[in-house]
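This report concerns only the one structure given below.
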Amino acid sequence: MIFGTIDISYASTVVVQSENVRYIGLGGFVGILMSGQINASYFDIEASTQTIGIGVGDAVNPPHLMGRTTEQLKFASTYGGWDFADTWAVHARINGGYPYLRPGILTTDLPRAVKGVPYSMAIEPSMAHGEG
């Protein structure tokens, strides 16, 4: 990520290089952060094999991006500021034990989501400048 803001998010796997863009380093959450913000977000230090959240950028370890173990990320108490009453849920047999969006959120706020089908989105890095 070069520009933008990521709020209330987590990474539970390895961050990999794009075929189109190469970075000097990779973090457990993003490869690069140049002009952006990350808030209330977490990354799995075991699954990512990284101890830092951002590989290259202005803030290698911003205060609102924290690395946790795989086990820690499977407990709601790990996620400070997250809404586990109405938005998120955690269950050992769903989503590998990691947090997931409650079904009401998936059908209301994400209308393209289909109940019972995994929902994910891949974003290719962009070197474009300007508003996005």
Side-chain angles (χ1 to χ4, degrees):
M1 180 181 90
I2 298 196
F3 303 99
T5 301
I6 297 174
D7 287 320
I8 308 175
S9 186
Y10 71 92
S12 61
T13 188
V14 175
V15 175
V16 296
Q17 300 267 0
S18 164
E19 291 182 20
N20 300 326
V21 179
R22 290 291 189 197
Y23 302 117
I24 297 168
L26 292 174
F29 192 76
V30 296
I32 188 170
L33 177 68
M34 296 310 292
S35 179
Q37 230 179 318
I38 298 173
N39 302 310
S41 296
Y42 301 82
F43 67 97
D44 189 320
I45 59 175
E46 295 170 331
S48 70
T49 70
Q50 301 292 326
T51 58
I52 60 169
I54 300 169
V56 177
D58 295 335
V60 174
N61 285 311
H64 303 291
L65 173 61
M66 284 116 344
R68 298 291 186 258
T69 65
T70 301
E71 178 150 343
Q72 289 171 322
L73 290 176
K74 295 181 180 186
F75 291 96
S77 59
T78 297
Y79 299 87
W82 287 35
D83 179 3
F84 278 90
D86 298 314
T87 305
W88 295 93
V90 173
H91 190 284
R93 293 183 308 210
I94 299 172
N95 196 35
Y98 291 99
Y100 61 94
L101 292 171
R102 291 183 175 275
I105 298 296
L106 291 175
T107 57
T108 303
D109 295 343
L110 302 171
R112 293 178 303 184
V114 177
K115 184 176 181 179
V117 177
Y119 189 89
S120 67
M121 182 172 68
I123 301 173
E124 283 295 315
S126 171
M127 298 302 283
H129 294 278
E131 294 182 23

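Since the model is a prediction, treat every value here as computed from it, not as a measurement.
- Here the shortest heavy-atom pairing between G28 and A11 reads O-CB, 3.7 Å.
- The local environment of CZ in F84 is crowded, with over 12 non-hydrogen atoms from other residues, nucleotides or ligands closer than 6.0 Å.
- Judged as a side chain to side chain donor-acceptor pair (under 3.5 Å), the pairs with a partner in residues 74-85 (not counting sequence neighbours) are, in order, D83-T87.
- The side chain to side chain contact (heavy atoms under 4.5 Å, CB included) test applied to T49 returns no partner, not counting sequence neighbours.
- Under the 4.5 Å side-chain criterion, counting only non-hydrogen atoms from C-beta, V30 is not in contact with V15.
- M66 and W88 fall within a single hydrophobic cluster, where Ile, Leu, Val, Met, Phe, Trp and Tyr side chains are chained together by heavy-atom contacts under 4.5 Å.
- The two residues S48 and T13 have their closest heavy-atom pair at CB-O, 3.6 Å.
- Considering every non-hydrogen atom in both N95 and Y10, the closest pair reads ND2-OH, 2.9 Å.
- In this structure, E46 contributes its side chain and T70 its backbone to a donor-acceptor pair below 3.5 Å.
- When side chains are defined from C-beta on, F29 counts as touching S9, because their heavy atoms get closer than 4.5 Å.
- Here the shortest heavy-atom pairing between A85 and R102 reads O-NE, 3.5 Å.
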Open item on the list: side chain to side chain contact (heavy atoms under 4.5 Å, CB included), that's the test. Do I54 and I38 meet it? Break it down for me.
Closed with: CA-CA 10 Å; I54 300 169; I38 298 173; 3.9 Å; yes

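- Between S12 and A47, the shortest heavy-atom contact is O-CB, 3.5 Å.
- Counting heavy atoms from C-beta on, the side chains of Y98 and D44 come closer than 4.5 Å.
- A donor-acceptor contact shorter than 3.5 Å links the side chain of S41 to the backbone of N39.
- In this structure, OG1 on T5 lies 9.0 Å from CG on L33, to the nearest 0.5 angstrom.
- Counting only heavy atoms from C-beta outward, the side chains of Y100 and H91 approach each other to under 4.5 Å.
- Residues L65 and I6 share a hydrophobic cluster, clusters being chains of Ile/Leu/Val/Met/Phe/Trp/Tyr side chains in contact below 4.5 Å.
- Linking Ile, Leu, Val, Met, Phe, Trp and Tyr whenever their side-chain heavy atoms come within less than 4.5 Å puts L73 and L101 in one cluster.
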